[in-house]
Amino acid sequence: MQMLPGKQRWLSFIGSAAEEPRVLCIVQDTTNAKTVNERLTLNLPASTTVNKLYEDVAHKAGYVNGTFCLAWANTGNMAPLDQASEMSLVLSGFEAGKRNFLQLTDKDGEQPQIASDESGTADSSGLEDSSQDRFIGPLPRDGTVGCSSDYSSPSYSYSSILNKSDTGYVGLVNQAMTCYLNSLLQTLFMTPEFRNALYNWEFEESEEDPVNSIPYQLQRLFVLLQTSKKRAIETTDVTRSFGWDSSEAWQQHDVQELCRVMFDALEQKWKQTEQADLINQLYQGKLKDYVRCLECGYESWRIDTYLDIPLVIRPFGASQAFGSVEEALQAFIQPETLDGPNQYFCERCKKKCDARKGLRFLHFPYLLTLQLKRFDFDYTTMHRIKLNDRMTFPEELDMSPFIDVEDEKSPQTESCTDSGAENEGSCHSDQMSNDFSTDDAVDEGICLDNTSSTERVLKPKSSLTFELFSVMVHSGSAAGGHYYACIKSFSDSQWYSFNDQHVSKITQDDIRKTYGGSSGSRGYYSSAFARCTLCVFAEFLEVEDFPEHIKRLMQREKESEEQEKRQREIERNTCKIKLFCMHPVKMMMVENKLEVHKDKTLGEATEMAYKLMDLEGVVPLDCCRLVKYDEFHEYLERSYEGEEDMPMGLLLGGVKSSYMFDLLLEIRRPDQVFQPYKPGEVMVKVHVVDLKSESIAAPVSVRAYLNQTITEFKQLIAQATGLCAETMRVVLERCYNDLRLLYVPNKTLKAEGFFRSNKVFVESSDSTDHQAVFTDSVLWKLLDRHGNTIRLFVSLPEQSPGSLANRTSCPKANADSEDSLEGAEGSRKSVEAILEESTEKLKNLSLQQQQQQQQQSSSTSDSQKSSEHSDFEHIESPAQEPDAASQSSQMENCTRAASDTENQFPSEERSDSDANNDRSTSSVDSDILSSSHSSDTLCNADSGPLPLANGLDSHSITSSRRSKAHEGKKETWDTAEEDSGTDSEYDENGKRKADSQYLYFKAEPYSQEDGSGEGQKCLLVHVDKRITLAAFKQNLEPFVGVPSTQFKVFRVYANNQEFESVRLNETLSSFSDDNKITIRLGRALKKGEYRVKVYQLLVNDPEPCKFLLDTVFAKGMTVRQSKEELLPQLKDQCKLDLSIDRFRLRKKTWKNPGTVFLDYHVYEEDINISSNWEVFLEVLEESERMKSMSQLAVLTRRWCPAQMKLEAFREVVLESSSVEELKEKLSELSGIPLENLEFAKGRGTFPCDISVLEIHQDLDWNPKVSTLNVWPLYICDDGAVIFYRDSTEELMELSEEERNELMKKESSRLLKTGHRVSYSPRKEKALKIYLDGGPTKDPGQD
């Protein structure tokens, strides 16, 4: 090669450069606040001089050389390095192999001049040609220097498609696994006959959508391949015309299959056009399939057509492969003898005779395609394999030895059958894609271009010599690999490798390496298979000879490419950065992306951001400015005063893929002035606290320096808030549970723990509270309460509290009385009226309950005290104040939770209960809740966060903060699963165990419109999250209208899933702001009770699991007792009238039925019960046969192969785990003789559905075990599914139509039951091209 010496010198130079010691220089640019945090890294040879260092830094930083200085960093010597010095870096004090830190500083007090570079900053890889002995950046890899050169890496890079290859040919981008498509397209493009014919076809836009037109998209692609200036172009438009989606790009197919399918599609599209018979004219040949009787010589034959010739590499059963294409062709036409059982019935002899069967070539196509069948199937391993045997092919192939001369001369219109592709798929099978050389004209002996036939001299028709034109190479295994094409150019007779986006020249030696075998020196080709097309040379249409419609198409594509290039240039120079703005109308922080050209000024960028945020007509433009912003810390880093005319590229530090900061569009009022933000300042959100009104104001933004003292900081706050600095107390919230009083005057903000963004609370008054210890002061208590207060949305029941209070006193009332009460209630009352009425009735009800408890209690003094002083005295309910309506029925409880409420909450520790559907209610109080558990929806809060003065969003101070004095904590345990949350230091009434504590509670009505136009009755509650659930329920009593023991609290999660909160001694610490709570009426669980969901088991129904009701089981209750309590509930709610001996309860594990519960079993002793518990109820046809835990109940189902159906489930009760007993019971049940009975365990979840097309072969029939509780059965519990059959019964024979019909029915059945259809698995997706623009999915298919 001519380039080899130069390449050797280049590689040799790289080797010598890598051996020289290198100096790593890290330069900090201190001339600009924007670049002070950035570092320039240079990796230079140790022999580099200081003045060359200056040149490289200038190039790297984008400055004019000589306008800046370099000095040592981290040393006392600030003298700059001598720019004119010719000393090497090592002699100048630099250390090789170590990091050398430098600072780039101003020269003579003036900032460096920006170099007139296109991008504003120099590329780190761009160096002058004269500096090839040095490079900037990391050490080179793979023997390449840092400067960019022609793309040579096999990995794809977008930059590789920008410039055309030196070969003059354009590559194709691999979408994912479309190398097979790229190889075929390149081969067809390099075929003059096919390309010219495609150009002569004209697309009619009025007849078809160009997006779905395959010929038009191929035409566009070929025009781009011929005229584009890119290195590679995309094929997405072509695949889109195939009807493919993005998933097809990840499916690799055989290139021969693609060629066949695409040729079929083109033939369909080209019907009734001049190109209708193009494929057949170029690629179709004919052969004779004959059988000749060896006794009388009679021959029966037919004519078949083919588009390619499939050649076997290794005959079946042979260990030696054919050595060449010629040998494989000879074997292809070698006849076989039909003798013995394979004798042929001769019509002339009227008997079976020995015969000879074979193929003869009658006619070869203009373009001959040979397919080497390198993919085979290994019957030993039952896997697909690839044959890598060596098979040679010549550069010129003479096909005359393989043609039947007599048949060629004889007329082809005898009594033969032209079966075509339909009858002989083996010969018409897929054409090889890469081996095609096609002419745009027709058959041999005719003119193949648009000029006179006398202008070209073709080979005579009798010539059967073909020249190699294209080779398709597959590298890899049978499981997958990579395709590329080796194609010979007609213009210069040069071979080229078309490997996706890379096109390169290759030699005959490279072609020979595609033979396969182990002789190739390059491993990439050693496993290749070759397919060759042999053709005569033709001429391509030049651009000036294009048809007019192709010229118009070329012009459109050229303009589109130029537009894409301009757009790409704009993108390369566009800064893209996050933009935030506190919208004055939406009152929320709005996020967007600002895309601005690097040459646009700050003023122009501000106007763009102003329009992007839709502020036109809302605020004036001069009231807006862009500032540097840290969204994570909500920190305003700096403003840009006086830099309105500076380009954004310089302001942002260049065009980058991502930035370490954001921009905020800040808005001021017309009467305000923008505050300057300087680098190094910290932002402080100041909340003013008013002790008299116990309120905390919205934050005011103040900026300070970390080196300021507390005294100076107070003066700064005084100026911003107007408070007195002398009496000011400043409290810093350092983290969510830490309040720190700043009382040391001379201490700096940095020493106090200030950071970029901070939050402080200030109070300045004449009260004596500042004299108290901070943790005992009113200020601390107010901040502590504020930090622990959360906002909750509570959805109240829909019923009138008054009627419900009456119902609660007699929960066993019948349904008729309930209906009458509901009818008497009339129209709904207002929320305020309900609250007033419910409070009065609740107080009366509470007094009645307390009086009853007094009579039953032996201790009179405590009970009298309890009856005289109710906890409701401490609740400022609307009914207790004359002006309750004017106060919006607000309720506030800031009193000590010190009242004795033990009688109201009698030891109600309970387990969690799943309540994630709207039917979840207690069956014990179902008569109360018959109309209360419809689909409840919770209201949403539309009150947003408070806006700050500078336009930022405030951070809610509702985080978890523990109060002081954590002593006295007591662990409590429940009988079931623990609720999410933490045990508290408060008792069930909200009273602190160690000492008294103020617990805040405030509620106000809140209504949200539902779909019916009526407002859902809700409460907006502000509550201290350290309150217990018991105290929280107590505070809700006046609003619900019933005692806390008669309603339940459900926490609403995502997707409206609800879970009941039941542990009364736990706090609300697991709740957070804006959580939703639903209140449902019904008796709350007592200690030792569990809420249980009951499902009916219907083993022979399509839906075997049906929800019935919710009920309550108690610890110590027997199964029979629970069944007795279920009977009336089943009758009332489910209309099931059962006797206690005709149904059973059994374990439910998801959908699987399990252990049968016997009547004498006791919950918690014999049966483990927990929260979220579910059981099956199974109706029995006869009395219970399960009497002992030693018995085993299995569900059996007979498979009838002769009828292709499964019978219904039938239960078999076994006395032991013996296989012999199981067979005996099945034989007795079905009448199958014991020796013919076979069984298998079902797979998956109940009912273990399986397709009738699979069950006969796929299950493990008749396992060789003696007991059921061993492998592979493992049947140790009730509920296992057993299939059984008669081994002498033959499987029904199905026709293809019957099988397909049954397959559809089974697919539909199994999809309805939720089981996956696993029969007829397709591991490889079939390749299809859709002529109507896309596939139509069968809704019945998976």
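Quantities reported herein were computed from a predicted structural model and do not represent experimental measurements. Here, residue 1 is the first one in the sequence, and each next residue gets the next number.
Shortest non-hydrogen contact noted between Met391 and Ala328 is CE-CB, 4.0 Å. Heavy-atom minimum distance, Val325 versus Leu370: CG1-CD1, 3.5 Å. Here the closest non-hydrogen pair linking Leu464 and Ser400 is CD1-CA, 3.6 Å. The shortest heavy-atom contact between Gly516 and Arg390 is O-CB, 3.6 Å. Heavy atoms only, all atoms of each residue included: Phe322 and Pro315 are closest at CZ-CG, 3.5 Å. Between Ala1240 and Leu1259, the shortest heavy-atom contact is CB-CB, 3.9 Å.
Sparse packing is recorded around CD of Glu1290, with 12 or fewer heavy atoms of other residues, nucleotides or ligands lying under 6.0 Å away. Within a 6.0 Å radius of CD in Gln508, other residues, nucleotides and ligands contribute more than 12 heavy atoms. Atom CD of Gln1257 has more than 12 neighbouring heavy atoms from other residues, nucleotides or ligands inside a 6.0 Å radius. Other residues, nucleotides and ligands place more than 12 heavy atoms under 6.0 Å from the CD atom of Glu327.
The aromatic rings of Tyr306 and Phe361 sit perpendicular to each other, their planes meeting at more than 60°, with 30° as the lower class boundary. The aromatic rings of Phe194 and Phe263 lie parallel to each other, their planes meeting at an angle below 30°, with 60° marking the opposite boundary.
Judged purely by atom type and a 3.5 angstrom limit, Lys505 has no side-chain atom pairing as donor or acceptor with the backbone of Gln494. Checked by atom type and distance alone, the side chain of Glu1306 pairs as donor or acceptor with a backbone atom of Val1252 at under 3.5 Å. In terms of modelled atom types and a separation under 3.5 Å, the side chain of Glu347 and the main chain of Tyr298 share no donor-acceptor contact. Counting only distance, with no hydrogens or angles, the side chain of Arg356 and the backbone of Pro335 share no donor-acceptor pair below 3.5 Å. A donor-acceptor pair under 3.5 Å links the side-chain atoms of Asn196 to the main chain of Pro192, judged by distance alone. In this structure a side-chain-to-backbone donor-acceptor pair under 3.5 Å is present from Thr187 to Ser183. A donor-acceptor pair under 3.5 Å is formed between the side chain of Trp244 and the backbone N or O of Lys1328. Distance alone, capped at 3.5 Å, places no donor-acceptor pair between the Lys1304 side chain and the Glu1301 backbone.
For the pair Ile214 and Leu266, the minimum side-chain heavy-atom distance is below 4.5 Å. Counting only heavy atoms from C-beta outward, the side chains of Cys353 and Phe345 never approach each other to under 4.5 Å. A heavy-atom distance below 4.5 Å is found between the side chains of Leu468 and Ile511. At a threshold of 4.5 Å between non-hydrogen side-chain atoms, the residues Arg1285 and Trp1261 count as touching. Considering only heavy atoms from C-beta on, Gln252 stays 4.5 Å or farther from Thr178 through its side chain. Annotation: side chain of Asp500 is not in contact with side chain of Leu172 (no heavy-atom distance under 4.5 Å). At a threshold of 4.5 Å between non-hydrogen side-chain atoms, the residues Met262 and Leu184 count as touching. For the pair Tyr290 and Lys357, the minimum side-chain heavy-atom distance is 4.5 Å or more.
Remark: Asp376 does not engage Arg314 in a salt bridge, criterion side-chain N to carboxylate O under 4.0 Å. Using a cutoff of 4.0 Å between basic side-chain nitrogens and carboxylate oxygens, Glu299 and Lys288 are scored as salt-bridged.
The closest side-chain donor-acceptor pair between Gln175 and Thr239 falls under 3.5 angstrom. Asp254 and Tyr483 form a side-chain donor-acceptor contact under 3.5 Å, judged by distance and modelled atom types alone. Side chains of Ser497 and Asn499: no donor on one and acceptor on the other come within 3.5 Å.
Applying the side-chain hydrogen bond (donor to acceptor under 3.5 Å, both in side chains) test to Ser300 and every residue at least two apart in sequence or in another chain returns nothing. By the side chain to side chain contact (heavy atoms under 4.5 Å, CB included) test, Asp277 pairs with Asn280, Gln281, sequence neighbours left out. For Glu1298, the side chain to side chain contact (heavy atoms under 4.5 Å, CB included) partners at least two apart in sequence or on another chain are Leu1294, Ser1295. For Phe316, the ring pair (Phe, Tyr, Trp, His ring centres under 6.0 Å) criterion is met by no residue, not counting sequence neighbours. Looking at residues two or more places apart in sequence or on another chain, you find a side chain to side chain contact (heavy atoms under 4.5 Å, CB included) between Lys373 and Pro310, Val312, Gln371. Judged as a ring pair (Phe, Tyr, Trp, His ring centres under 6.0 Å), and not counting sequence neighbours, Tyr344 has no contacts. Under the ring pair (Phe, Tyr, Trp, His ring centres under 6.0 Å) criterion, Phe498 pairs with Tyr169, not counting sequence neighbours. Listed by chain and residue number, Trp1199, His1256, Glu1289, Leu1291 satisfy the side chain to side chain contact (heavy atoms under 4.5 Å, CB included) test with Pro1201 (two or more places apart in sequence, or in another chain). Residues satisfying the salt bridge (charged side-chain N to carboxylate O under 4.0 Å, His left out) criterion with Glu326, sequence neighbours excluded, are absent altogether. Residues satisfying the side-chain hydrogen bond (donor to acceptor under 3.5 Å, both in side chains) criterion with Gln1203, sequence neighbours excluded, are Lys1205. Contacts of Lys351 classified as salt bridge (charged side-chain N to carboxylate O under 4.0 Å, His left out), with partners at least two apart in sequence or in another chain: Glu295.
How far SG of Cys346 is from CZ of Arg292: 12.0 Å, rounded to the nearest 0.5 Å. To the nearest 0.5 Å, the span separating OG1 on Thr1288 from CD on Glu1238 amounts to 9.5 Å. One distance of note links CG of Leu181 with CZ of Phe242; it measures 6.0 Å at 0.5 Å rounding. Within the model, atoms CD1 of Ile309 and CG of Leu287 stand 8.0 Å from one another, a figure rounded to the nearest 0.5 Å. Between atom CG of residue Asn1236 and atom OG of residue Ser1287 there is a gap of 4.5 Å, rounded to the nearest 0.5 Å. Rounding to the nearest 0.5 Å gives a distance of 8.5 Å between CH2 of Trp270 and CH2 of Trp201.
A cation-pi contact links Arg195 to Phe189, judged by a cut-off of 6.0 Å to the six-membered ring centre and 45° from its axis.
For the side chain to side chain donor-acceptor pair (under 3.5 Å) condition, the pairs that include at least one residue of residues 329-343, sequence neighbours left out, are Gln343-Asp354.
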>> Under the criterion side chain to side chain contact (heavy atoms under 4.5 Å, CB included), I'd like the reasoning laid out for His482 against Tyr484: C-alpha separation, chi angles, the key distance, then a yes or no.
In response: CA-CA 7 Å; His482 179 64; Tyr484 63 96; 4.2 Å; yes

>> Pair Phe375, His474 - check ring-ring contact (aromatic ring centres under 6.0 Å, His included), show working.
In response: CA-CA 11 Å; Phe375 293 112; His474 177 271; 5.3 Å; yes

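Residues Phe364 and Phe402 keep their aromatic ring centres 6.0 Å or farther apart.
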